[in-house]
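The first residue of the sequence shown is numbered 1, and numbering continues consecutively from there. Everything numeric in this text was worked out from a predicted model, so none of it was measured.
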Amino acid sequence: MTDNSITRARPRVSKLVLFMGTTLLSSAAFAQDTPTELQPIVVTGADEASPLSGGTGYTAEETTAGFKGGVSLAEVPRSVSVVTAQEIADRAPVQIEDALAYTPGVSASNWGVDDRYDQFTIRGFDTGSKGIYRDGLIQKSINFSGFKTDPWMVERIDVLRGPTGVMYGPGEAGGMVNIVSKRPRFETFAEGRLQYGSHNTAQAAIDLGNSNAAGTLAWRLTGLMRNGGNEVEGAQDDRLLGAFGVTWAPTDRTEVTFLGHYQEDNLAPNMFLPVAGEDYDASFGALPQSFVDSQHDFNQFDTEGWSIGYQARHEVNSQLTLRQNLRYSEQDTTYRHLYYSGMASATQMQFYDFTVFETASTFAVDTQIEYRATLGAAENTLVAGLDYTRQIVDGTQGFGAGYLIDVTNPSYGFGVSDPGNYIDRKTIEDQTGLYVQNHTRFENGVTLTAGLRKSWVETETENRLTNTTSTQDDDALTMSLGATWDLGNGYVPFASYAEGFTTNIGSSFDGTAFKPTESEQFEVGLRYYPVGRNLMLSAAVFDVTKTNVLTADPLNPNFQVQTGEVRHRGLELEARGQLTEQLAAIFSYSYIDAKITESNNGDKDNTAAKVPEHLASLWLDYAFAGRLEGLKLGGGVRYVGESWGDNANSRKVDDYILADVSVSYAWDDYRVSLGVTNLFDKDYAATCETVSYGCISGEGRELTLALSRKF
């Protein structure tokens, strides 16, 4: 056996207890050192209307999604949703994908019990791990390195639906997610939190900050330690996180915020398994639950990562503003997986051992110039910028001989060793974009938003097994155009057109390099803001088409051509905000008609795989008044409709309904809460593959009890 006895990095219980005690002691000391009479608070860039703020209740006023300079959400001619700080606090999601579960158009946790990445689809396109940004800079997975963000370090999450080629260059057609990090505030605050939940999962967290008397320097420290698991026996769900921020604001026109973090994760990979009566003959019986709820000891997904960067802003005068965002991130990943790969015979399951040892890094910088002017009776904002991203992944992948397990007597009671490498390479991808966006607000309530971008992508791969180096250069010109019209009575209709693209590494039979896959979206919608209410309702219809999609070459079966096409059309409804002074709500519904319109794979006119036709959710949160003031009850239901496991439409995935509950009580500086997801422990398949290749289970019931105190 080679390397199979490597000790996994797992925080010890004693280390966790020490961290819990330190959390409360340091918070108490922090409170004692804080003067009781505070100077007036000066908030720079974090007021409730700011696109960097957590919003007000369940709504947000401004966003940088759709326009990099930041604009009123009502004036974005695209569908945008914001998961606010209040929603994050009420629902207490464990992962970013969980935070998106009540967002229209988003199918969250669509790969079930899989902690490696944040995975979700937007408008039916696989966007999770590929379309995630943090503070406006890309944070997508590189190969098998996921760069996960913990919700504890998050202020809010903006979701922009549809192609984003003008703002960010390469990206999936469904849209993108921008995570806004917690950052320093010019005030004194501190919070400590202890949690305990299912699978003996214990967690301690802190969040504290302060500023100098002059109001020019502020800092924030956020930390978390978790030791636990998930419903799979022996699986880990451990995390050690430390994040910091320092804001320097020497004048009201200049501000620089430095942000950094360090994170260690010990997580578990996914588990596809066959289903009796679907993948093998039902007469052999279902797999025993003890096998379904376990993994081989070989399996692990351990990462160590960190990031450092800054966000700088300088107002030259009342019209001209300069901004620059920069971040460097790095992650080391150790990944071992004995995974199911289909039925080898009528009774035998085929498993393969797979390994990844790699280091991935991302350097990203975005420099912007914003010019504001009045043109007649119109207010105009022009943003021009140059961004650059370098992503590097360096490592090996191993793949070994298969292991057979009989469905009539399944067991993981055998040894597995690291296989030999079939990949040993270093890949460097450079992305450069030159873009311009313009937003004009006319006196009659009409706004026009337009954008244009030229993108260049260069990819170089060094193959150390063959001692060869390959390169590929791509470029794309993308545009967007949209309008909104404030009718003056709370109704704001909008319409837009947007383009995007993704690159394809490789070439056709004749050696011609693949061109980028292109996407375009037409969208029409209506927002309604009831006068005097913290409430927003919206509806939108959309039509997204992807062209230059790879499909089989009919003349050369081992190669591909770019004649494929996919089209997703649909309807989205959303409502979020205060229904009454005490009752808040989030409602969403999505209908998606996803069709493969051109293909050589024999699946033309079929429904695209893993796209539920219907998605719906409702979350209600009630805050009691009077004698029960401080008590809050929250509850939600989520419906995920039927989908197909494969493009051949040979296997259906059943629909399911999940219920979530939250109960909390706050008094003085304390708050105790209980959160439950999948309340009734619904057993369901999150997704399936083609026949014989099995399904992956959805997440079962999870309970979390938390006690927090503010100092």
Side-chain angles (χ1 to χ4, degrees), residues 91 93-95 97-103 105-121 124 126 128 198-199 229-233 235 237 268-280 282 285-295 339-340 588-590 592 594 607-619 635-646 649-661 675-704:
R91 294 183 38 239
V94 178
Q95 304 180 88
E97 65 181 43
D98 301 326
L100 304 175
Y102 287 83
T103 304
V106 176
S107 177
S109 302
N110 54 310
W111 289 95
V113 185
D114 186 356
D115 297 332
R116 298 172 301 166
Y117 315 103
D118 288 305
Q119 300 176 110
F120 49 88
T121 65
D126 189 1
S198 299
H199 323 297
N230 62 30
E231 59 202 88
V232 179
E233 181 182 351
D237 183 14
N270 63 19
M271 268 191 335
F272 275 92
L273 286 174
V275 178
E278 296 184 41
D279 299 296
Y280 64 88
L287 295 171
Q289 204 61 37
S290 59
F291 181 80
V292 173
D293 292 338
S294 64
Q295 288 192 15
Y339 70 94
Y340 170 70
S588 73
Y589 169 75
S590 304
I592 305 173
T607 299
K610 298 175 175 56
V611 183
E613 187 176 27
H614 300 279
L615 294 166
S617 63
L618 173 65
W619 174 268
V637 290
R638 294 174 279 146
Y639 172 74
V640 178
E642 289 184 341
S643 61
W644 291 102
D646 57 357
N649 292 176
S650 65
R651 182 176 195 163
K652 268 197 173 181
V653 182
D654 291 338
D655 61 348
Y656 55 90
I657 299 176
L658 305 178
D660 307 318
V661 172
V676 186
T677 57
N678 192 357
L679 176 65
F680 301 108
D681 202 18
K682 170 72 174 178
D683 185 16
Y684 65 99
T687 191
C688 298
E689 294 291 335
T690 187
V691 175
S692 93
Y693 283 89
C695 299
I696 184 169
S697 297
E699 297 173 337
R701 179 169 52 222
E702 299 284 340
L703 293 85
T704 302

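- Every residue was checked against the side-chain hydrogen bond (donor to acceptor under 3.5 Å, both in side chains) condition with K682, not counting sequence neighbours, and none meets it.
- Contact between A101 and R91 at its shortest, heavy atoms only, is CB-NH2, 3.8 Å.
- A distance-only check finds no donor-acceptor pair linking the side chain of Q119 to the backbone of W111 [under 3.5 Å].
- Separating the CD1 atom in I592 from the OG1 atom in T121 is a distance of 6.0 Å, to the nearest 0.5 Å.
- Here the closest heavy-atom approach between residue A276 and residue G285 is recorded as CB-O, 3.7 Å.
- For the side-chain hydrogen bond (donor to acceptor under 3.5 Å, both in side chains) test, residues two or more places apart in sequence or in another chain that qualify with E278 are R651.
- Remark: Y280 engages no residue in a ring-ring contact (aromatic ring centres under 6.0 Å, His included) (not counting sequence neighbours).
- For S198, the side chain to side chain contact (heavy atoms under 4.5 Å, CB included) partners two or more places apart in sequence, or in a different chain, are E702, L703.
- Evaluation of the side chain to side chain contact (heavy atoms under 4.5 Å, CB included) rule for D98 yields P93, V94, Q95, S109, E699 as partners, not counting sequence neighbours.
- The two residues V275 and C695 make their nearest non-hydrogen contact at CG2-SG, 3.9 Å.
- When every heavy atom of C688 is checked against every heavy atom of A685, the shortest pair comes out as SG-CB, 4.1 Å.
- Crowding of E642 atom CD: a count of heavy atoms from other residues, nucleotides or ligands under 6.0 Å exceeding 12.
- Proximity of N110 to T687: side-chain heavy atoms (C-beta onward) are nowhere separated by under 4.5 Å.
- Residues N678 and L658 come closest through the heavy atom pair OD1-CD2, 3.7 Å.
- Here the side chain of R701 pairs no donor or acceptor atom with the backbone of V676 at under 3.5 angstrom.
- Residues satisfying the ring-ring contact (aromatic ring centres under 6.0 Å, His included) test with W644, not counting sequence neighbours, are none.
- Checked against side-chain hydrogen bond (donor to acceptor under 3.5 Å, both in side chains), D681 has no partners two or more places apart in sequence or in another chain.
- At least one side-chain heavy atom of K610 sits under 4.5 Å from a side-chain heavy atom of E689.
- Every residue meeting the salt bridge (Lys or Arg N to Asp or Glu O under 4.0 Å) condition with D660, not counting sequence neighbours, appears here in chain and number order: R638.
- Partners of T690 by side chain to side chain contact (heavy atoms under 4.5 Å, CB included), not counting sequence neighbours, listed by chain and number: D646, S650, Y693.
- The structure places CD1 of I696 at 5.0 Å from CZ of F272, a figure rounded to the nearest 0.5 Å.
- Among residues two or more places apart in sequence or in another chain, the side chain to side chain contact (heavy atoms under 4.5 Å, CB included) test is passed with V640 by P612, L615, Y656.
- By the side-chain hydrogen bond (donor to acceptor under 3.5 Å, both in side chains) test, S588 is found to be paired with S617, residues two or more places apart in sequence or in another chain being considered.
- Using modelled atom types and a 3.5 Å distance limit, the side chains of Y684 and D654 yield no donor-acceptor pair.
- In this structure, CD on Q289 lies 9.5 Å from OG on S294, to the nearest 0.5 angstrom.
- For CG of D683, the number of neighbouring non-hydrogen atoms (other residues, nucleotides, ligands) closer than 6.0 Å is 12 at most.
- Test D114, D115, D237 against N230 for side-chain hydrogen bond (donor to acceptor under 3.5 Å, both in side chains) and you get one pass: D115.
- Y339 pairs by the ring-ring contact (aromatic ring centres under 6.0 Å, His included) definition with H337, not counting sequence neighbours.
- At distances below 3.5 Å, not a single donor-acceptor pair connects side-chain atoms of N270 with backbone N or O atoms of G112.
- The nearest pair of heavy atoms linking L679 to V661 is CD2-CG2, 3.6 Å.
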